[in-house]
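A short write-up of the structure that comes next.
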Number of protein chains: 4
Amino acid sequence: MAEGRRGALRSETARVSILRATASQFAERGWEHLSIEGIAAEAEVGKQTIYRWWRSKAALVAECLLEGLLLPEAFLPADTGDVRADLTAWIEAILRFADDPRSAALFRSLIAAAAEDEDVGVRLRDALGASSALAARLDAARSDGELAPGVSIAVVGEALVGAIILRVIVREAAPPELPRQLVDVVLGRGG
Amino acid sequence: MAEGRRGALRSETARVSILRATASQFAERGWEHLSIEGIAAEAEVGKQTIYRWWRSKAALVAECLLEGLLLPEAFLPADTGDVRADLTAWIEAILRFADDPRSAALFRSLIAAAAEDEDVGVRLRDALGASSALAARLDAARSDGELAPGVSIAVVGEALVGAIILRVIVREAAPPELPRQLVDVVLGRGG
Amino acid sequence: MAEGRRGALRSETARVSILRATASQFAERGWEHLSIEGIAAEAEVGKQTIYRWWRSKAALVAECLLEGLLLPEAFLPADTGDVRADLTAWIEAILRFADDPRSAALFRSLIAAAAEDEDVGVRLRDALGASSALAARLDAARSDGELAPGVSIAVVGEALVGAIILRVIVREAAPPELPRQLVDVVLGRGG
Amino acid sequence: MAEGRRGALRSETARVSILRATASQFAERGWEHLSIEGIAAEAEVGKQTIYRWWRSKAALVAECLLEGLLLPEAFLPADTGDVRADLTAWIEAILRFADDPRSAALFRSLIAAAAEDEDVGVRLRDALGASSALAARLDAARSDGELAPGVSIAVVGEALVGAIILRVIVREAAPPELPRQLVDVVLGRGG
DNA sequence: CACTAAACGAGACGGTACGTCGAGTCTTCAA
DNA sequence: TTGAAGACTCGACGTACCGTCTCGTTTAGTG
């Protein structure tokens with residue numbers, strides 16, 4: 001039982017204000033100009049307190065993603081029974097978010113961070129719903145017979161998320177018909 | 001003409017050795033740890049000579065991409081008459097390249113750079129053949145009736161390239177059947 | 001005759017505008033921040049034209065001193081027959097000049113330059129009249145019997161000029177009675 | 001009291017090795033080529049540690065002077081009861097020091113530094129004994145009736161130190177009789 | 001009157017040093 | 001023992017000048 005732990009416990013206040021400061025600085029300065037020093041200053045915390053609990057700024061960002069401090073909502077596809085409509089709406093939601101310059105910059109920063117750190121990559125994919133939620137929706141679609149039996153559900157998700165990420169990277173504004181077209185591409189033209 | 005240009009001309013030697021050094025350092029250290037100082041040292045060039053002609057390290061990387069110093073070949077899809085086979089082979093080529101840890105790291109670094117700089121993003125997409133070459137191949141496929149008439153060619157390309165990029169970001173090894181599956185997803189299951 | 005000189009002659013325009021620019025920059029920025037680049041820019045001259053004719057910025061300053069572009073007049077002691085009065089007036093003139101902050105700064109810069117370059121040192125001493133003019137005046141004084149026969153004229157001059165230079169270096173404002181006191185010290189208290 | 005000081009204290013080790021390196025580099029390279037970078041390298045210290053505690057290289061030199069790291073001894077005039085002999089010996093000591101080319105160069109560098117920075121000027125004057133020690137000796141002389149009552153003691157000191165400085169600036173070797181002559185000039189020919 | 005050759009303005013080049021920012025580590029003091 | 005404050009070494013930033021080296025243009029003799 002509890003081998004006689006002594007001294008102060010980890011300060012939850014510090015932890016929270018560090019993550020908040022990370023999110024705020026990340027949004028403000030982007031991944032490349034994110035600095036531990038700046039985070040420590042904004043969080044009114046010593047640098048060592050950060051280094052004690054996180055191994056890198058990537059770890060901070062990954063935890064922020066996990067806590068939902070960076071992406072406003074967890075972009076979840078709805079299930080109205082109409083796959084095409086649900087997917088289209090889901091894509092539209094993400095693209096709408098990426099349309100605002102500040103959000104787009106944040107998004108790109110996330111991609112940069114993800115490209116440089118595995119954890120961030122996984123968290124980002126999850127946050128975009130590419131794994132569980134989207135897969136579940138597509139699975140439901142297959143059960144309803146709305147999806148061809150041979151195609152891989154995971155691959156469909158990747159193609160959708162990947163296409164969106166590519167748009168964001170290249171900074172090309174998405175035309176209004178893009179969501180519809182994307183759905184057409186991965187589900188086939190039918191409908 | 002002759003708008004009265006005076007003074008020594010730009011040194012091609014310096015330009016080339018700077019780009020070479022950039023490519024070498026980029027491959028060796030990655031985007032995040034790429035430094036102008038390191039490039040200048042390897043190129044045996046004054047830093048000012050770099051700052052005189054490029055506004056940032058992103059510009060250097062973009063020019064390297066343009067000159068084909070970073071991606072070994074321009075990943076062009078062949079045209080054997082069989083779209084599915086051609087696309088599958090093209091995807092396989094890219095994934096094979098991304099399979100080697102060093103190449104994968106380089107690839108991720110490129111994505112990070114692209115996420116932080118528009119020019120790099122555009123050049124990267126071009127280098128992956130997502131624009132012209134791939135579009136041309138898909139166009140040919142449509143003429144041959146191998147492609148459903150409604151789907152957008154550009155969007156198909158984006159879905160493919162995006163899916164690959166996502167794999168690389170997340171560091172998930174691609175199973176051998178992935179290329180086939182991706183083609184199935186975007187072209188439909190038929191055959 | 002002459003060994004067949006060919007090509008354009010040295011441009012007097014360039015020479016003059018370089019020296020003028022040197023004097024202006026020297027007064028404005030001081031010895032330490034004087035730069036060949038700045039001089040070339042102000043003189044609207046290529047750097048090479050400077051390096052062709054002067055070996056260093058010290059040489060430029062020395063030539064400026066020689067041409068009287070830095071010290072407004074060549075502080076010459078008058079000869080009214082009264083050595084004490086003449087020397088006092090001469091010291092007062094120099095101290096008055098050094099009283100203005102800009103002149104004092106210029107003076108200090110000259111001392112710095114002189115300490116770092118022999119030529120500048122010699123020219124500066126000459127410009128202060130420490131050699132010929134002052135010596136001549138003291139010589140006259142000795143002939144008139146106003147100076148003790150044993151003391152070295154050169155040494156008297158050095159003591160006077162040295163004391164003034166020291167004041168300027170240390171930035172101590174000279175009290176009004178200083179000139180008189182200095183004369184007392186080197187000529188003895190008598191009258 | 002205890003005004004709540006937190007964080008590590010200033011490292012005395014660093015302070016000392018920086019001053020030592022400053023003195024060594026100053027002697028080796030002179031004032032003009034003295035560089036913060038060089039000092040930091042020799043002291044094995046980060047540049048920031050220098051900038052944190054000193055505002056300029058002049059401040060470093062001033063502190064070196066204060067700590068006696070630049071001028072080997074504090075050139076103090078002795079008091080044997082014979083002013084002329086004491087002053088002559090004191091001047092000889094300084095001139096002997098300035099006779100060695102390396103010392104002379106160091107001396108000139110000090111003058112250059114003093115001309116460009118007030119603090120260095122004051123410290124240099126003090127180090128030469130021109131203020132307290134010399135004044136005390138002259139004061140004693142006056143009490144003994146060896147000094148004319150009217151002359152200013154401070155001015156005598158300035159004349160002596162100034163004359164020496166001038167010699168050094170102009171790089172004129174001092175003849176053996178100079179100390180004697182200087183004393184004659186400021187104390188009168190008597191004796 | 002061409003032809004050479006020097007001097008000129010402009011400015012690119014390889015470098016050194018600047019003064020600043022931030023990284024990650026270590027030390028001191030308070031709670 | 002944690003946490004704030006902050007000093008430490010180190011690496012890189014982007015800028016200013018250094019002194020050298022092309023460039024084309026202008027200016028003088030020389031053949």
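Computed over heavy atoms, backbone and side chain alike; hydrogens, waters and symmetry mates excluded. Here is how names work: the chains are called A, B, and so on, in the same order as the sequence lines, proteins then strands, and each is numbered from 1.
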Atom [atom1] of [X] and atom [atom2] of [N]: how far apart are they, to the nearest Å?
| X | N | atom1 | atom2 | result |
| --- | --- | --- | --- | --- |
| C/R10 | F/dA28 | CZ | P | 15 Å |
| A/E32 | E/dG22 | CD | C1' | 14 Å |
| A/I50 | E/dG22 | CD1 | C1' | 13 Å |
| B/I39 | F/dG11 | CD1 | P | 18 Å |
| A/W54 | E/dG24 | CH2 | C1' | 16 Å |
| C/E42 | E/dG9 | CD | P | 14 Å |

Neighbours of DNA chain F within residues 18-26 of chain C, by heavy-atom distance under 4.0 Å: none
Any residue meeting side chain to side chain contact (heavy atoms under 4.5 Å, CB included) with [X], in chain and number order, not counting sequence neighbours:
| X | result |
| --- | --- |
| C/E67 | C/R15, C/L19, C/E63, C/L69 |
| C/A59 | C/W54, C/R55, C/S56 |
| A/A21 | A/I39, A/E42, A/A43 |

Could you run down nucleotides 18-23 of chain F 5' to 3' and tag each one B, S or - for protein heavy-atom contact under 4.0 Å? BBBBBB
List the residues meeting side-chain hydrogen bond (donor to acceptor under 3.5 Å, both in side chains) with [X], not counting sequence neighbours, and say none if there are none.
| X | answer |
| --- | --- |
| D/T49 | none |
| D/E32 | none |
| D/R171 | none |
| B/S11 | none |

Tell me whether the side-chain N/O atoms of A/S11 come closer than 4.0 Å to OP1 or OP2 in F/dT2.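 Answer no for this pair, as no side-chain N or O of A/S11 is under 4.0 Å from OP1 or OP2.
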Phosphate-side-chain proximity, B/W53 and E/dC13, N/O vs OP1/OP2 below 4.0 Å: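 Answer is yes, contact under 4.0 Å.
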Check whether any side-chain heavy atom of A/L34 sits under 4.5 Å from a side-chain heavy atom of A/V61, and report yes or no. yes
How about B/F26 and B/L60: do any of their side-chain heavy atoms sit closer than 4.5 Å? no
Which nucleotide in the set E/dA17, E/dG9, F/dA4 lies at the smallest distance from any side-chain heavy atom of D/R29? E/dA17
What nucleotide, of E/dA7, F/dG3, E/dG9, holds the atom closest to the side chain of C/R52?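 Among the listed nucleotides, the one closest to the side chain of C/R52 is E/dA7.
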For DNA chain F, whose closest nucleotide is more 5', that of C/H33 or that of D/E12? D/E12
